[in-house]
Structures are given as C-alpha cells and as structure tokens.
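What follows is a short report on a single structure.
This is a predicted model, so every value here is computed, not measured.
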Amino acid sequence: MTRLSGITPSGHIQLGNHLGAIRRWAAEGKPEDLYFVSDLHAMTTSHNPARLRSLAGEQLAVLIASGISPDRVFVQSDIARELGALTWILECTCSYGEAARMIQFKEKSKGQAGVRLSLLTYPVLMAADILLTGASEVPVGEDQRQHVELARTLARRFNTTYGEVFTMPEAVLPPSGARVRDLADPTRKMSKSNQDSAGVVFVLDEPDQIRRKIKRAVTDGLSVPAYEPEERPGLANLLEILAACTGGDPAGIAAEHKSYGALKEATAEAVVETLRPLREGANALLKDPAELDRVRKAGAARAAERGEHRLQSALRLIGAG
Ligand code: AQP
C-alpha cells in the first residue's frame, strides 16, 4: 500500500496545511508513502516563474523540517520527463469528453478569457503522478475525488487495452484533521493563495508576526470564551487552533480562559511553539542550498527510478520505442 499526497506551491505553506495535513503525514506516514511538491500543478493559471521556483524549494524545506523523511519527498518537476511522457500516453487513453466533464475545469474556466489548455488536462497529469509512482491510495478531499476516479478509469482502460501495467489507485478520505479558518474572515478556510495575508498564519512567519495576526483575529462582541462554532466562528477557530496545538478539546479550553485577550495570547504562544521547529529547520535548510539540492536530487532520482519500469512498459505496450 503506497499513499501519495501532494502540496501545491500556490503560496507559502500556512498553519492549516500544517495542522490539517503535513504534521499527520510526518506522524503517520508509512515508509513506502510518498509526498511531493506539485509545482507543475501551479501553472494552470497565470503564474510567476521566479516565485514558483522559490516556493517549490521552500515547500520542500518545510516538508522535511516537519519531520517527513527526505527519502519520501520529491519535487514534481524534477521528474517532468517521466511525467510528461506518461501524461501523453494517458492523454491518448482519455477522451476529450472525459476531461471536459471534470467539475474543477468547468468551475475554474467559467467566464475566464484565455483559459490554459493545462486547466483541462491537469487531471491527466494528476493521473500520471498517481500511476507513475504506483500509488494505491490517494487521500483527497471531495473536490479531487473525480480526478482520482479519472485516474482509475485510465488505468483500467490502459491495462485492458494494451496490457497490465498500472496499479489501480483508490481515493481515500484523508483522516479528519483540524480545519483551520481564516483569522480575518472565519467564514472561509485559511488558504495559502489568499491575496490578503492578514488572516493567514504562514509557517515561516516570525513569532511577532504570528502574535500580531492572532491578536487581530476577528471574534465577536462578547467577552467570555465559550465554544460555539455556529454562533461564534472566529472564537471557535482560535479554540480549535489552540486545541490542535496543545492536544486539548476546544470546549474544555474555552472554560479555562476568562477573557478573549488571555485566550488569544495562549493561542499565539501555542502556535509560535508548534511552528518553531518547522521555521528553524526550514530556514536552516534554505540557508544551505547545497544540502537542499542534494536532498532534492536524491528524492527525484528515487521517484524517477520508482516509475521507470512502468513508463518503459507503458511505452512498449502502446507501440512506442
Ligand atoms: N485551512 C486548512 N485547514 C486544514 N487543512 C488544510 N489544507 C489546506 N488548507 C487547510 C490541507 O493542506 C493540504 C495541502 O493543500 P493543497 O496544496 O493540496 O491545496 P489546498 O487544499 O487548496 O490548500 P490551500 O492552502 O487552500 O491552497 P490554495 O490557496 O492554493 O487553494 C491538503 O491536504 C489540504 O486539505
């Protein structure tokens, strides 16, 4: 059983990515699981090449600093040749209608001028990510389930038409983790690509920046903390963040704090301490580009080697080479 999970460098890694996904990957991942920085997926809409390159390196450093073994991490574009070749094979296995039916494509392309072709075809690249690495389980949210279904369809079609090559992947529900909301607008989730960063705590933020953002978090006009997610979402968000950092339960934590000020202070300190090892570890790696490059090349070589026999078999069976 190999699980494959990715993070897209559409922005700096934020607290929600860490509490909801990355720390779990580090704690629960099995030795055969794989984690990757999906930089090729960050090019389907307008992007800045220099920023993308820098974010991909930074995200790799954060994944490693979070405790994921460097043996299990790679950057997607480092195996672009293998993925590009397999994407083409899979595009020749996929109908236009199947790609155009993807809900994400319909939603993201609606009303947009100059939609990139890659917005239509990226689910096929995602199928290549999954099938090249031989992943059997892909933890995805509801919005990506249809894409894993497409990967299954393409794997089945290829295997029955040309010969058995690909492992059938399965979409699995990610374990329910903390769902962190934006501090400035608790009606929406915290997101790394949010243009307005006031409500987003980035894992590489300095402690004082974190304290400032949490101090300014939107709450309500009341003064005594209580855990009421529907009525007081901003406060509930802080309680859930504190609970996720310290291991308590939000209602119990609310009862332990007499004022919003005290609660915000406790939350800020807990977040600063939770993120400290990540920030320090990632910054140390980023200051040592030779080491980061060494880890990156080794990860790429392992990922490429892992998929090589599948790619060669697929090319041979489809009549190429
Ligand atoms: N706010 C969040 N709370 C808990 N978990 C979260 N994740 C993201 N935001 C939160 C989890 O982080 C993992 C990697 O995310 P992704 O790169 O696949 O993209 P995403 O889910 O779309 O994350 P963002 O930060 O919101 O990015 P953008 O702004 O690009 O859309 C996933 O496991 C995700 O559940």
Side-chain angles (χ1 to χ4, degrees), residues 1-42 52-80 82-83 86 122 125-141 143-144 147-148 151 167 169-178 180 192 202-204 274-275 277-279 281-282 285-286 291-307 310:
M1 287 288 187
T2 296
R3 279 190 173 208
L4 177 71
S5 302
I7 181 149
T8 305
S10 49
H12 302 284
I13 292 183
Q14 41 87 10
L15 181 65
N17 300 130
H18 176 64
L19 294 179
I22 297 172
R23 74 170 182 177
R24 214 172 274 276
W25 297 346
E28 296 170 5
K30 296 188 294 307
E32 58 277 17
D33 292 347
L34 286 173
Y35 303 94
F36 72 113
V37 177
S38 50
D39 55 346
L40 298 175
H41 286 294
L52 178 58
R53 180 172 296 110
S54 150
L55 284 171
E58 182 184 298
Q59 291 203 346
L60 179 70
V62 170
L63 292 184
I64 293 167
S66 75
I68 299 175
S69 158
D71 290 355
R72 298 190 272 140
V73 188
F74 66 96
V75 176
Q76 187 188 26
S77 61
D78 290 345
I79 57 165
E82 292 80 359
L83 285 173
L86 186 55
Y122 88 86
L125 172 61
M126 185 170 157
D129 297 330
I130 297 168
L131 300 181
L132 186 76
T133 51
S136 48
E137 293 186 345
V138 190
V140 281
D143 59 334
Q144 294 292 324
H147 296 163
V148 180
T167 304
E170 208 171 312
V172 295
L173 269 184
S176 63
V180 179
K192 60 177 129 58
F202 298 107
V203 303
L204 297 186
T274 300
L275 297 182
L278 264 84
R279 189 181 59 253
L285 260 178
L286 290 166
E291 172 61 7
L292 191 59
D293 195 49
R294 189 194 63 73
V295 169
R296 184 170 169 161
K297 284 202 173 105
R302 261 189 302 270
E305 192 191 323
R306 194 184 164 112
R310 288 189 197 90

- Query: Between Ser69 (side chain) and Asp71 (backbone), is there a donor-acceptor pair under 3.5 Å?
  - Reply: yes
- Query: Going from OH on Tyr35 to CG on Leu63, what distance comes out if it is rounded to the nearest 0.5 angstrom?
  - Reply: 10.0 Å
- Charged N to carboxylate O below 4.0 Å: is that the case for Glu291 and Arg294? yes
- For His18, check ring pair (Phe, Tyr, Trp, His ring centres under 6.0 Å) against everything at least two apart and list the hits. none
- Message: Among residues at least two apart in sequence or on other chains, which ones pass side-chain hydrogen bond (donor to acceptor under 3.5 Å, both in side chains) with Thr274?
- Response: none
Just list the side-chain donor-acceptor pairs under 3.5 Å for residues 25-33, sequence neighbours left out, or say none.
from  : atom 1 : to    : atom 2 : distance (Å)
Asp33 : OD1    : Arg3  : N      : 3.0
Asp33 : OD2    : Lys30 : N      : 2.9

- Message: Please check: side-chain N/O of Ser136 versus main-chain N/O of Pro169, any donor-acceptor pairing under 3.5 Å?
- Response: no
- Item | ring pair (Phe, Tyr, Trp, His ring centres under 6.0 Å) partners for Phe36, two or more places apart | Phe74
- Message: With salt bridge (charged side-chain N to carboxylate O under 4.0 Å, His left out) as the rule and sequence neighbours excluded, what pairs involving residues 7-20 come up?
- Response: none
- Query: Can you tell me how far CZ of Arg310 sits from CG of Leu86, rounded to the nearest 0.5 angstrom?
  - Reply: 10.0 Å
- Note on the structure: Nearest heavy-atom contact between Ala56 and Val75 is CB-CG1, 4.5 Å
- Do Asp78 and Arg296 touch side chain to side chain, with heavy atoms closer than 4.5 Å? yes
- Note on the structure: With sequence neighbours left out, the residues meeting side-chain hydrogen bond (donor to acceptor under 3.5 Å, both in side chains) with Gln76 are His41, Asp129
- Could you give the distance from CD1 (Ile22) to CD1 (Ile7), rounded to the nearest 0.5 Å? 4.0 Å
- Donor-acceptor pair between Ser5 and Arg24 side chains, under 3.5 angstrom: no
